[in-house]
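Quick notes on the structure that follows.
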Amino acid sequence: MIPDKAPKEDVFHAGGDLKKDAHVPNFEKYKELYLQSIEHPDEFWGDIAKDFYWKSKHTGQFMDYNFDVTKGEIYIKCMEGATTNICYNVLDCNVHERGLGDKVAFYWEGNEPGDEMTVTYRELLQQVCQFANVLKSQGVKKGDRVSIYMPMVVELVVAMLACVRIGAVHSIVFAGFSAESLCERILDSQCSLLITADGFYRGDKLINLKVIADDALQKCRDKSFPVQRCIMLKHLSKEVEAIPLSSQSPPAKRPCPDLQVPWNPEVDQCWLSLLSGVSEECEPEWCDSEDPLFILYTSGSTGKPKGVLHTIGGYMLYVATTFKLVFDYHPEDVYWCTADIGWITGHSYITYGPLANGATSVLFEGLPTYPDVSRMWEIVDKYQVTKFYTAPTAIRLLMKYGSEPVQKYKRDSLKVLGTVGEPINPEAWQWYYSVVGEKRCPVVDTFWQTETGGHVLTPLPAATPMKPGSATFPFFGVVPAILNESGEELEGPSEGYLVFKQPWPGVMRTVFGNHQRFETTYFEQFPGYYVTGDAPLMTDISGLLYYMIILWVVCTSGHLLSTAEVESALVEHEAVVEAAVVSRPHPVKGESLYCFVTLTDGVSFSRTLEAQLKKQVREKIGAIATPDFIQNAPGLPKTRSGKIMRRVLRKIARNERDLGDVSTLADSSVIELLFQNHCCGAM
């Protein structure tokens, strides 16, 4: 349901004068509400909680926590004792109480143009209830973990909401992960059932998902953990005449009737067959606010991925509120987040946040460059998208092709643009703002993590100033600080570690099955603070407001240098498409700048080009920023969501082969190429 209590909808609206940094409409109102949210968080969030359905009320404090490992076990609790069901709130309440049954929940856009369907809130509720009954028939009960390994189809949303309707905990694994990664996550979360699909196309590439899933299940058996049941959706191999469109996504435009689908009758069951004759009504399981909602794995610098656990009540409040305010949501909006549901962005800002607000969203299966580089803008016009949320990597990718593919389409429906996943360099920000948004759409550059559940540092449209590629502010209830190595809080323009001083409702509660790892990773370094784990940041703290410049910093010869600034200087050269800069130990200066550059097609790396790039950085920033090493990088190591894995680049810069967990790499072949091109200067 839409949280309207605090702040009110009309407080933040797009359309302010974006050029007046200190005179943005509602800026003073933002400060007033922000202070209320941190000084009286129970009252602030308690008012918002009134707009949601609670079967029973909470007892005791609204928020209770301990961030100090020296004072005992770390814990965060929100509305403990209250009972609710998040599926009931995002579907039943919208259909039966708010009269949104006929409103479109999702416009599904398949990989192939013309492969599409529309799902209303009423249809989604019926499908979820049906599949929830299927899960119960398979023995799934409250507290059980269910692994979901599916492409971006409506049934993925159905599966996750069906789990939470009956109190089960979903663990979604991105459909680009390997069998080993899937197996590892099934084992760690002790999943009782796997839900998958036969296969899907990603651009021109066919992914035989069931083959990978079967390989993972065999690996689980080899490790003495047999998963007894696997439900498979026929996405590519289904028979057209057998599909009732109201219950399942339509036949793919590029069907694969000959797709080889391995089948184990002792384990495998067909999604469609299981639905036959199943009731479309299913009573929700009422759960405590602090019961587990989902587990989502995020990689660490060493060891196995961490199973980040979020709980029901606080997460529901937080993603609903951040979605509403950060994207300035209005009931007539059509919202599109291009992320995959396999990542936290898809959990929070494709499924739970938009549905909690009764929003209409685009659910996209394909790629931004398939079948051509205008695909995203064609979709924007097709569905009249008003709020658009994507990754800086996608923006930089499309920048390579210039403005013409964008300007083929009107895009006049757009009102707010957002970025997520990594810092956006000023050049990409300006292109996004000027070309895509035609200088009329606020850009919300959001900073958050899997662990935070939702946005923690972000501009708000026409309520806070925008600063290309850098400026952002704490969301309501979030209290950031900057610490030095000794754990002392810094004031004024300073460099240090980003921490948070108190919890907000949506923050993670633990690492599944390993609370000690949770405490060690996030709270041990600076007792009393939640530590983000990011590298040191440069920041300008001014009064109540935080200009958090989310940048990696290198300290060379006593100077703290922003690597993003160096990257921006490098990509201004016409030969450079993308750049990433990391630190490398230096015997004299402490740290040196090691730069990876991806060149424009047809350009060869040479000493002459290297000299030009060093000169350009010197001229743009100063002699202290002159790169020590510049390496040709045909590709950069990125996650499947497009985020550059800078810790891997730091290892390569140091010529260290032990890279830690690289299961999230989209293309592992780039690693060896980067080692081959390594600059072999003295360490």
Distance check, rounded to the nearest 0.5 Å: [X] atom [atom1] versus [Y] atom [atom2]?
X	Y	atom1	atom2	answer
Leu209	Met232	CG	CE	10.0 Å
Cys230	Asp214	SG	CG	6.5 Å
Arg646	Phe596	CZ	CZ	10.5 Å
Cys93	Leu355	SG	CG	12.5 Å
Asp204	Leu367	CG	CG	9.0 Å
Asp445	Tyr432	CG	OH	10.0 Å

Crowding at [atom1], [X] (>12 non-hydrogen neighbours, <6.0 Å):
X	atom1	value
Gln218	CD	yes
Lys142	NZ	yes
Glu281	CD	no
Gln260	CD	no
Gln676	CD	yes

Looking only at atom types and distance, does a side-chain atom of [X] sit under 3.5 Å from a main-chain N or O of [Y], one as donor and one as acceptor?
X	Y	answer
Lys638	Leu665	no
Arg411	Asp381	no
Asp268	Asn264	yes
His170	Ala159	no
Thr322	Val319	yes
Asp340	Trp343	no
Ser237	Lys234	no
Asp333	Thr386	no
Asp291	Cys287	no
Arg122	Leu100	no

Handout entry: Ring-face cation of Arg657 near Phe675 (centre distance under 6.0 Å, axis angle within 45°)
Key =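 Cation-pi check for Arg657 and Phe675: passes.
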Practice task
State whether Phe177 and Arg185 meet the cation-pi test: NZ (Lys) or CZ (Arg) under 6.0 Å from the six-membered ring centroid, and within 45° of the perpendicular axis.
Solution key: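 Flagged: Arg185 positioned over aromatic ring of Phe177.
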Practice task
Indicate whether any N or O donor in one side chain lies under 3.5 Å from an N or O acceptor in the other, for Tyr318 and Thr452.
Solution key: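 The criterion, which ignores hydrogens and geometry beyond distance, is not satisfied for Thr452 and Tyr318.
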Answer yes if the ring centres of [X] and [Y] are under 6.0 angstrom apart, and no otherwise.
X	Y	result
His455	Phe327	yes
Trp271	Phe131	yes
His235	Phe200	no
Tyr297	Phe512	no

Exercise for the section: Might you point out which heavy atoms bring Pro151 and Leu156 nearest each other, and give the distance in Å? Expected result: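 So the minimum-distance heavy-atom pair works out to O-CD2, 3.5 Å.
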Practice task
Describe, in one word, how the ring planes of Trp448 and Tyr349 are oriented to each other, choosing from parallel (under 30°), tilted (30 to 60°) and perpendicular (over 60°).
Solution key: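 Taking Tyr349 first and then Trp448, their aromatic rings stand perpendicular (interplane angle over 60°).
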Handout entry: Mutual orientation of the aromatic rings belonging to His347 and Phe294 [parallel < 30°, tilted 30-60°, perpendicular > 60°]
Key =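 Correct class here is tilted.
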Practice task
Scan Tyr401, Phe388, Tyr409 and name whichever one has a ring pair (Phe, Tyr, Trp, His ring centres under 6.0 Å) with Trp377.
Solution key: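 So, applying the ring pair (Phe, Tyr, Trp, His ring centres under 6.0 Å) to Trp377 and each of Tyr401, Phe388, Tyr409, only Phe388 qualifies.
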Handout entry: Heavy-atom side-chain proximity of Phe323 to Pro354 below 4.5 angstrom
Key =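 SC-SC contact between Phe323 and Pro354 confirmed.
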